[in-house]
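Below is one structure, written out as structure tokens, with a few remarks after it.
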Amino acid sequence: MYEFYYLCTLLDYLIIMKNFKRYLVTSALPYANGPVHIGHLAGVYIPSDIYTRYLRLRGRDVIHVCGSDEHGVPITIKAKKEGVTPQQVVDRYNAIIKESFRRFGISFDIYSRTSSPTHHQTASDFFRKLYNEGQFIEQTTEQYFDPEANQFLADRYITGTCPKCGAEGAYGDQCEKCGSTLSPTELINPRSAISGAQPILKQTKHWFLPLDKHEDFLRNWILEQHKEWKPNVYGQCKSWLDGGLMPRAVSRDLDWGIPVPVDGAQGKVLYVWFDAPIGYISATKDLTTDWEKYWKSEDTKMVHFIGKDNIVFHCIVFPAMLRAHGGYNLPENVPANEFLNLEGQKISTSRNWAVWLHEYLDEFPGKEDVLRYVLCANAPETKDNDFTWRDFQARNNSELVAIFGNFVNRALVLTQKYFNNQVPKRGPLTDFDKQTMEQVVALKTEIEQNIENYKFREALREMMNLARVGNKYLADTEPWKVAKTDMERTATILNIALQITANLAIACEPFMPFTSDKLLMMLAKEPFGWEQLGSFDILETAHTLGKAQLLFDKIEDEAIEAQLLKLEAAKSANAEATVE
RNA sequence: GGCGAGGUAGCUCAGUUGGUUAGAGCGCAUGAUUCAUAAUCAUGAGGUCUCGGGUUCAACCCCCGAUCUCGCUACCA
């Protein structure tokens, strides 16, 4: 028994000591059939950006890769509907998505796309290697074919009457009325969801990745070695593994995508879920010729940021692919988030129930960090959360303006007033001064530990506590009173308040980079490193500060009401469309 | 239908292996304060931990059942 515990402790020690020299951070590839909305941001891109910015500030070797996922059936349908080519569809959305990420300060080292030549080459080579090594199973099956649209139909794109409950409009894979799992051939009176034609059965050959061959490995790797993964991620993996893995098709009959690179595969492309995660690899190749060390050196830590709907692909399928290929690292963690709702309803691209990033950026110029703050503070880390415009307003006005912005403004205005905008000299410290300084040091550790454990909401709260400590410090020391009798003591107080402000500029950078930049400008300083957080010698005595400005503005009711009206309009437009 | 995750204060969320009085922020109330964007600071009120059983000296936590939300269910992405 004693030995057992000893062994566990030793094991923990080794895991903690596992010394990663570099990091590879991936963010789920947005699907290029629509713009990015707040759900994507809260679930994936804000957490991954905070994580990456934090690591960079600490001077770590880290790259953050992403790109547009541009293949698959929905894009071809959208193209057909609009009378344009699939390439035109993805060109349009790739441009919108990429530009909105840039404006929002999501700091990818590269934002690539799966229609790029590099990606086509990489994915083809990947497939061909597995094919040549006999890692696939070939199987010919009968599949529904739409004679009008002249294409095979995925199960999702066949509708008909449910054989179990008789409901109309059941899908080929599932009836949403009774919840039964179906196979397309069971449907009564099947119809193509694309053309409405009656589909016919036709033979087709496909390649399958035998996940069952990797089951033992995956079971041990996830269930034994990654017990620290989030409950939703671990639970879903366990569910799949306990059910027994089956071969999974990795090709599709479609004319949009990466052609299956073997003889006799005319009209077949790689399944998007086979090619999309390889997109992380191609993106890295597009970034650097030195890409292999990020994917193949064992001292690289790979982390996939995704939403909960992608867990299986990132924890089971992609790792199985990487292992089948050989030579690649597997992810160290996959911190999948839950979903964000909007005003109590599911976000929906097709129903236009969303707050679109590119529209937000136009309608709230200069307020990138407000959205970053609100979405992080309310991120769906453990369960689905709700975004409301009232909450957005409240968090801006009573947290960012009242606590953060107000503290900074107080410290700077007092310095202007009493010390001609120069950092005053710090004299002897009181116990309260020392206590306050200790609190700042303690917050550093809290923020670090929370970010490293993917608890970004809590990390953000701790960052805000820095401003709270500052406000309390000023309230308790009352420099505006002390200034009447004791300028030396006033100097010490304001020195400490300014050092806290400088600490804030460091601590807020991963979460609110625009605010950090503004703060640095106001302090007239170049960016600090993370290691300076907790220090009270960041600003040297007599350093002249820059011009003070307000960090955050109040958001008035009108702006919020305009957004609510906009959502109402989307709702009625949608209701009308349904009636027609 | 099966499986997974979740349901804790008015709102948004914490709650470590079961252990005294279940915590935080916002909101609300009262007081203090006036350097600051009516911003801050202190104090306080506010809980049948979704519901019903069970195990235990002791349950938000473990077990059984019900219920609601979301996800997955292998060709939607």
Side-chain angles (χ1 to χ4, degrees), chain A residues 28-29 31 33 69 71-75 77 141 143-144 152-158 164-165 171-175 178-181 183-184 193 206 208 211 230-240 242-243 245-254 271-273 276 307-313 316-317 336 338-339 341 346 377-386 388 390-391 394-395 397-399 401-403 405-418 455 457-458 461 464-465 468 470-476 478-481 483 494 497 550-554:
Chain A
L29 308 185
Y31 196 57
N33 73 335
D69 176 11
H71 298 135
V73 183
I75 281 165
I77 293 175
T141 55
Q143 189 108 55
Y144 270 128
F152 278 95
L153 295 168
D155 294 357
R156 256 284 130 138
Y157 291 97
I158 303 155
K164 308 247 164 89
C165 74
Y171 295 113
D173 54 351
Q174 192 174 42
C175 171
C178 67
S180 314
T181 303
S183 97
H206 283 292
F208 290 73
L211 293 177
K230 292 173 70 167
N232 55 344
V233 177
Y234 188 91
Q236 191 170 143
C237 291
K238 186 172 187 315
S239 156
W240 270 65
D242 287 350
L245 299 180
M246 296 186 289
R248 187 165 181 122
V250 294
S251 54
R252 292 286 187 275
D253 291 291
L254 198 67
Y271 174 39
V272 274
W273 270 113
K308 67 173 162 180
D309 53 336
N310 285 182
I311 291 170
V312 163
F313 296 102
I316 306 269
V317 182
E338 303 285 306
F339 281 0
N341 292 324
K346 270 202 264 191
N378 194 24
E381 285 180 3
T382 52
K383 64 170 190 192
D384 291 357
N385 276 349
D386 198 22
T388 68
R390 291 289 172 201
D391 180 65
R395 284 190 188 275
N397 293 355
S398 60
E399 294 178 30
V401 173
I403 296 168
N406 184 40
F407 165 67
V408 170
N409 195 39
R410 296 170 85 184
L412 294 179
V413 167
L414 286 167
T415 306
Q416 264 170 27
K417 192 169 173 180
Y418 297 124
K455 295 182 174 176
R457 270 191 320 215
E458 184 57 30
R461 254 195 289 269
M464 283 299 282
N465 280 340
R468 290 196 172 90
N471 273 322
K472 184 167 168 49
Y473 182 73
L474 288 180
D476 288 9
E478 300 181 304
W480 51 90
K481 274 189 186 165
L494 286 182
L550 296 180
L551 281 178
F552 304 101
D553 300 308
K554 284 212 149 188

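Naming convention: chains lettered A, B, ... in sequence-line order (proteins, then strands); numbering from 1 in each chain. Predicted, not measured: the structure shown is a model, and the values here were computed from it.
Heavy-atom distances to RNA chain B give each of Thr181(A) and Ser251(A) a nearest nucleotide, and the one nearer the 5′ end belongs to Thr181(A). A residue-by-residue look at Leu211(A) and Val401(A) shows that Val401(A) has its nearest nucleotide of RNA chain B further toward the 5' end.
The partner of rA45(B), taking Watson-Crick or G-U wobble pairs whose two distances both stay under 3.5 Å, does not exist in any strand shown. Nucleotide rU33(B): unpaired (no Watson-Crick or G-U wobble partner with both distances less than 3.5 Å). Partner assigned to rC62(B) is rG54(B), using Watson-Crick or G-U wobble distances below 3.5 angstrom. Here rU16(B) sits opposite no nucleotide as a Watson-Crick or G-U wobble pair (both hydrogen-bonding atom distances under 3.5 Å). If you check rA39(B) for Watson-Crick or wobble pairing at under 3.5 angstrom, you find it has no partner at all. Under the Watson-Crick or G-U wobble criterion, with both distances below 3.5 Å, rA74(B) is left unpaired in every strand shown. rG25(B) and rC11(B) make up a base pair, with Watson-Crick or G-U wobble contacts both under 3.5 Å.
The Asp384(A) side chain lies nearest to rC70(B) when the options are rC70(B), rU40(B), rG71(B). Side-chain proximity of Arg410(A) to the nucleotides rC26(B), rA77(B), rC35(B) is greatest for rC35(B). Closest to the Lys383(A) side chain, of the nucleotides rA74(B), rG6(B), rU40(B), is rG6(B). The side chain of Val413(A) lies closest to rC35(B), out of rG27(B), rG71(B), rC35(B). Counting only heavy atoms from C-beta on, Ala249(A) has its side chain closest to rC75(B) among rU12(B), rG4(B), rC75(B). If you check rG4(B), rC70(B), rA77(B) against the side chain of Ser239(A), the one that comes closest is rG4(B). Candidate nucleotides rC76(B), rA5(B), rA74(B) were compared by shortest atom distance to the side chain of Pro74(A), and rC76(B) ranks first. For His206(A), whose side chain is taken as the heavy atoms from C-beta onward, the closest listed nucleotide among rC75(B), rA14(B), rU12(B) is rC75(B).
If you take atom P in rC26(B) and the same atom in rG65(B), they sit 42 Å apart, rounded to whole Å. Taking atom P in both rU30(B) and rU67(B), the straight-line distance is 46 Å, to the nearest Å. Nucleotides rG2(B) and rC75(B) have their P atoms positioned 22 Å apart, rounded to a whole Å. The P atoms of rA59(B) and rA42(B) are separated by 36 Å, rounded to the nearest whole Å. On the P atoms, rG15(B) is 15 Å away from rC61(B), given to the nearest whole Å. Atom name P, nucleotides rC28(B) and rU20(B): the rounded distance is 33 Å, in whole Å. Going from the C1' atom of rG23(B) to that of rC60(B) covers 12 Å, rounded to whole Å. If you take atom P in rU12(B) and the same atom in rA66(B), they sit 28 Å apart, rounded to whole Å.
Distance alone, capped at 3.5 Å, is enough to place a donor-acceptor pair between the Arg457(A) side chain and the Ala379(A) backbone. Using a distance-only test at 3.5 Å, with no hydrogens or angles considered, a donor-acceptor pair links the side chain of Tyr31(A) to the main chain of His71(A). A donor-acceptor pair is defined here as one N or O able to donate and one able to accept, closer than 3.5 Å; such a pair exists between the side chain of Asn378(A) and the backbone of Asp386(A).
Taking atom CD1 of residue Ile403(A) and atom P of nucleotide rA39(B), one finds them 11 Å apart after rounding to whole Å. For Lys164(A) and rG2(B), the NZ to P distance is 13 Å, given to the nearest whole Å. Distance Asp155(A) CG to rC76(B) C1': 10 Å, rounded to the nearest Å. In this entry the distance linking CG of Asn232(A) with P of rU73(B) reads 15 Å, nearest Å. Rounding to whole angstrom units, CZ of residue Arg248(A) and P of rC76(B) are separated by 8 Å. Between Asn378(A) atom CG and rA14(B) atom P the separation is 10 Å, expressed in whole Å. Rounding to whole angstrom units, CZ of residue Arg468(A) and C1' of rA24(B) are separated by 9 Å. One atom, CE of Met246(A), and another, P of rC72(B), lie 16 Å apart when rounded to the nearest Å.
Checking the phosphate oxygens (OP1, OP2) of rG71(B), a side-chain nitrogen or oxygen of Lys346(A) falls inside 4.0 Å. Of the side-chain N and O atoms in Tyr473(A), none sit less than 4.0 angstrom from OP1 or OP2 of rU40(B).
Taking only distance into account, the side chain of Gln174(A) meets the base of rU73(B) through a donor-acceptor pair shorter than 3.5 Å. The base of rC76(B) is not paired with the side chain of Arg156(A) by any donor and acceptor separated by under 3.5 Å.
If you check the side chains of Arg468(A) and Asn471(A), you find no donor sitting under 3.5 Å from an acceptor.
Geometrically, Lys346(A) does not engage Phe339(A) in a cation-pi contact, judged by NZ or CZ lying under 6.0 Å from the ring centre and within 45° of the ring axis.
The pair Lys308(A)-Glu338(A) counts as a salt bridge, with a side-chain nitrogen and a carboxylate oxygen less than 4.0 angstrom apart. Ion pairing between Glu458(A) and Lys455(A) fails under the 4.0 Å rule for side-chain N and carboxylate O.
Annotation: the span from Ser398(A) atom OG to Asn406(A) atom CG amounts to 12.0 Å, rounded to 0.5 Å.
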